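Here the structure is a predicted model, which means the values were calculated and not measured.
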Amino acid sequence: MRKTIITGAIFAGLAVLLGAFGAHALKDMLGSYASTWETGVQYQMFHAGGILVVGLLMEKQASRLYTWAAILFAVGIVFFSGSLYVLSISKVAVLGAITPIGGVCFVVGWFLLILGVSRRTMSRY
């Protein structure tokens with residue numbers, strides 16, 4: 001639980017740093033890829049928040065579904081946002097083929113979170 005919250009906080013902090021780095025230090029280098037970099041930062045922050053939420057839920061009730069949701073959010077950040085960062089700097093378009101892997105991880109992670117919360121709610125009745 002604590003590790004999950006720390007992981008979410010690290011990813012969130014890195015999103016802030018990477019956003020600032022892209023907007024300032026890499027501004028000229030990114031050119032038309034600036035929006036691609038920004039998309040990576042946004043999705044990283046959204047899913048860092050998701051990891052934090054999962055960590056808080058895990059404090060209330062342990063669940064493999066929550067654990068897997070957090071793992072998939074983290075893997076999704078690495079594949080989705082990471083590939084967009086590398087694509088933005090290298091401009092190697094084939095790297096965009098990796099991005100959907102992260103997107104699938106995000107979607108499955110959200111599904112598992114919904115399932116975990118639904119099961120928790122249903123077990124009350």
Side-chain angles (χ1 to χ4, degrees):
M1 293 165 258
R2 205 165 74 160
K3 284 185 203 177
T4 303
I5 293 171
I6 290 169
T7 300
I10 289 169
F11 275 127
L14 285 172
V16 173
L17 291 172
L18 289 166
F21 189 63
H24 300 290
L26 297 179
K27 186 177 182 178
D28 294 333
M29 175 193 257
L30 294 175
S32 64
Y33 284 90
S35 65
T36 302
W37 183 276
E38 290 172 14
T39 298
V41 171
Q42 288 173 346
Y43 275 75
Q44 180 171 335
M45 184 59 86
F46 296 150
H47 291 88
I51 293 169
L52 291 168
V53 167
V54 169
L56 294 173
L57 288 169
M58 290 170 83
E59 285 189 345
K60 297 280 185 190
Q61 179 183 2
S63 168
R64 284 189 197 161
L65 294 170
Y66 293 156
T67 300
W68 278 105
I71 289 168
L72 287 168
F73 288 159
V75 170
I77 289 170
V78 171
F79 280 93
F80 185 91
S81 296
S83 67
L84 293 181
Y85 299 144
V86 174
L87 170 64
S88 298
I89 292 171
S90 71
K91 298 175 178 51
V92 176
V94 72
L95 292 171
I98 297 169
T99 310
I101 296 168
V104 169
C105 289
F106 289 153
V107 171
V108 174
W110 287 112
F111 175 76
L112 293 177
L113 179 57
I114 292 165
L115 194 58
V117 171
S118 296
R119 283 189 177 176
R120 180 175 174 219
T121 305
M122 296 298 258
S123 68
R124 290 184 187 172
Y125 299 107

So for atom OH, which belongs to Y33, do other residues, nucleotides or ligands contribute more than 12 heavy atoms lying within a distance under 6.0 Å?
yes
Side chains of Y66 and Q61 only: does a donor on one sit below 3.5 Å from an acceptor on the other?
no
Heavy-atom check, side chain of Y85 versus side chain of Q44, under 4.5 Å:
yes
Does a sphere of radius 6.0 Å around CH2 in W110 hold more than 12 heavy atoms from other residues, nucleotides or ligands, not counting ones at 6.0 Å or beyond?
yes
Side chain proximity check, Y43 to L84, heavy atoms < 4.5 angstrom
no
Measure the OG1-CZ distance between T7 and R2 for me, rounded to the nearest 0.5 Å.
11.5 Å
How are the rings of H47 and F106 set relative to one another: parallel (under 30°), tilted (30 to 60°) or perpendicular (over 60°)?
parallel
Cluster check I10, V75: I/L/V/M/F/W/Y, side chain < 4.5 angstrom
no
Find out if a path of hydrophobic residues (ILVMFWY) with successive side-chain heavy-atom gaps under 4.5 Å connects M29 to W37.
yes
For the student: nearest non-hydrogen atoms of A69 and V54, plus distance:
CB-CG2, 4.3 Å
When you compare the side chain of I5 with that of E59, does any pair of heavy atoms fall below 4.5 Å?
yes
For a quick check under 3.5 Å, do S83 and T99 share a side-chain donor-acceptor pair by atom type?
yes
Do M1 and V53 share a hydrophobic cluster (ILVMFWY, side-chain heavy atoms under 4.5 Å, transitive)?
yes
Identify the residue among V92, I98, L95 that makes a side chain to side chain contact (heavy atoms under 4.5 Å, CB included) with V86.
L95
For L87 and T36, work out which heavy atoms get closest and say how close.
CD2-CG2, 4.1 Å
I need the L113 CG to L57 CG distance, nearest 0.5 Å.
6.0 Å
So how far is it from I114 CD1 to L65 CG, rounded to the nearest 0.5 Å?
11.5 Å
Starting from L112, can I reach F79 by hopping between I/L/V/M/F/W/Y residues whose side chains sit under 4.5 Å apart?
yes
Return the minimal non-hydrogen interatomic distance between A74 and F11, and the atom names on each side.
CB-CE1, 3.8 Å
Nearest heavy-atom pair of G8 and A48: which atoms, and what distance?
O-CB, 3.5 Å
Grab the two heavy atoms, one from A70 and one from T4, that are nearest each other, plus how far apart they are.
CB-CG2, 3.8 Å
If you count the non-hydrogen atoms of other residues, nucleotides and ligands that lie under 6.0 Å from NZ in K91, is the total more than 12?
yes
Do L26 and F21 have side chains that approach each other closer than 4.5 Å (heavy atoms only, starting at C-beta)?
yes
With a 4.5 Å cut-off on side-chain heavy-atom distances among I, L, V, M, F, W and Y, is there a chain of contacts connecting I71 to I101?
yes
Minimal heavy-atom distance between V41 and L18, with the atoms involved, is CG2-C, 4.1 Å
Within the 4.5 Å heavy-atom criterion, are L115 and R119 side-chain neighbours or not?
yes
